[in-house]
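Predicted, not measured: the structure shown is a model, and the values here were computed from it. Residue indices begin at 1 and follow the sequence shown.
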Amino acid sequence: MKGSRKTSSVILKGVHAGSIAIAALCAGPALARDRWVEDHVAASYDYVLVKGPAAGRTVLIAAADPADADTAKGKSTFDSKCALCHSMGAGDRIGPDLKGVTQRHADQWLTGWLLETDRMQKTDPDAKALLAKYKTPMPNLGLKPAEVRELLKFLHWSDHNGLAKN
């Protein structure tokens, strides 16, 4: 009986070691595939890939530059304050994909959301639904009204010019 336990233990250790070896062999191709997907998304949707400081997270930043100065400032705000949690046409992340957000919500709602995020998550039905779906409250970014106007100009520009694609 003792020999049988020892044999079982050796077999289990061998299976465990084999599992680790298989996982290690598969990790390279899986990571390569992830990189291929990221490159494909960046090329298909006109984004630039940037490795973010948060746990090596990849961030997609809109590559096209709008000509209007305020819209360009809005793009800069999106890239610096929004792109870590939101994409535009590349699917949901920590928060929702913002492709078409200007068609889903009125500018008045978006302005309130961006200026008073904390209050809206407690009182507004749409904001409560977003919180329930994504399980992570959006932080108040401390945007000034001028920054919100510029960001909205960029979101409208992006939706209108097809920057955000399916």
Side-chain angles (χ1 to χ4, degrees), residues 26-27 29-166:
C26 294
L31 293 174
R33 183 186 181 286
D34 286 350
R35 182 66 194 170
W36 177 86
V37 169
E38 291 171 353
D39 290 343
H40 173 73
V41 168
S44 300
Y45 301 115
D46 199 19
Y47 283 83
V48 174
L49 289 171
V50 176
K51 281 289 186 191
R57 211 187 250 137
T58 299
V59 179
L60 293 171
I61 297 177
D65 285 322
D68 177 69
D70 285 344
T71 306
K73 287 178 187 175
K75 177 192 176 298
S76 178
T77 299
F78 178 85
D79 290 346
S80 66
K81 296 190 177 189
C82 308
L84 185 62
C85 297
H86 300 279
S87 78
M88 293 189 63
D92 291 349
R93 294 189 156 174
I94 294 170
D97 185 336
L98 295 181
K99 177 186 176 189
V101 71
T102 60
Q103 290 141 9
R104 292 191 302 272
H105 297 285
D107 283 0
Q108 182 178 2
W109 188 91
L110 290 168
T111 299
W113 174 251
L114 292 168
L115 290 175
E116 300 178 322
T117 310
D118 303 335
R119 182 188 62 78
M120 285 190 69
Q121 288 178 116
K122 294 175 186 169
T123 61
D124 182 81
D126 289 343
K128 286 180 178 181
L130 287 169
L131 180 57
K133 181 176 180 179
Y134 294 97
K135 310 285 189 242
T136 302
M138 181 169 151
N140 188 322
L141 300 175
L143 297 172
K144 295 175 177 42
E147 291 175 302
V148 170
R149 280 192 300 278
E150 294 160 355
L151 185 55
L152 287 177
K153 283 186 85 169
F154 170 69
L155 293 172
H156 278 285
W157 176 86
S158 176
D159 287 344
H160 183 265
N161 290 289
L163 177 63
K165 300 176 184 176
N166 278 334

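Atoms CD and CD, from Gln121 and Glu116 in turn, are 12.0 Å apart once rounded to the nearest 0.5 Å. Note that CG of Leu155 is 11.0 Å distant from CD of Gln103, once rounded to the nearest 0.5 Å. For the atom pair Lys81 NZ and Leu143 CG, the distance stands at 5.0 Å (nearest 0.5 Å). For the atom pair CG of Asp124 and OG1 of Thr117, the computed distance is 11.0 Å after rounding to the nearest 0.5 Å. Between the CG atom of Asp68 and the CD atom of Glu150 there is a distance of 9.5 Å, given to the nearest 0.5 Å. Between the SG atom of Cys82 and the CG atom of Leu114 there is a distance of 7.0 Å, given to the nearest 0.5 Å.
Between Lys128 and Lys122 the shortest heavy-atom distance is CE-O, 2.8 Å. Across every non-hydrogen atom of Phe78 and Met88, the tightest pair is CZ-CG, 3.5 Å. Across every non-hydrogen atom of Lys99 and Asp97, the tightest pair is N-OD1, 2.9 Å. Among all heavy-atom pairs drawn from Met120 and Ala127, the shortest one is O-CB, 3.2 Å. The two atoms that bring Leu84 and Ile94 nearest to each other are O-CD1, 4.5 Å, heavy atoms only. Looking at every heavy atom in both residues, Leu130 comes nearest to Pro96 through CD2-CG, 4.2 Å.
Judged as a salt bridge (Lys or Arg N to Asp or Glu O under 4.0 Å), and not counting sequence neighbours, Asp92 has no contacts. Not counting sequence neighbours, Arg104 has no partner by the salt bridge (Lys or Arg N to Asp or Glu O under 4.0 Å) test.
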Exercise. Checking side-chain contact (heavy atoms from CB on, under 4.5 Å) for the pair Thr71/Lys75: CA distance, chi angles, key distance, verdict?
Worked result: CA-CA 6 Å; Thr71 306; Lys75 177 192 176 298; 6.0 Å; no
### Message
Determine whether Thr102 and His160 satisfy the following criterion, side-chain contact (heavy atoms from CB on, under 4.5 Å), listing intermediate values before the conclusion.
### Response
CA-CA 10 Å; Thr102 60; His160 183 265; over 6 Å; no
Give the C-alpha distance, both sets of side-chain angles, the deciding distance and a yes or no for side-chain hydrogen bond (donor to acceptor under 3.5 Å, both in side chains) between Asp126 and Trp113.
CA-CA 10 Å; Asp126 289 343; Trp113 174 251; over 6 Å; no
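Thr77 places a side-chain N or O within donor-acceptor distance of the main-chain N or O of Lys73, the cut-off being under 3.5 Å.
For the pair Leu98 and Ser158, the minimum side-chain heavy-atom distance is 4.5 Å or more.
Listed by first and then second residue, the ring pair (Phe, Tyr, Trp, His ring centres under 6.0 Å) pairs involving residues 123-142 amount to none (not counting sequence neighbours).
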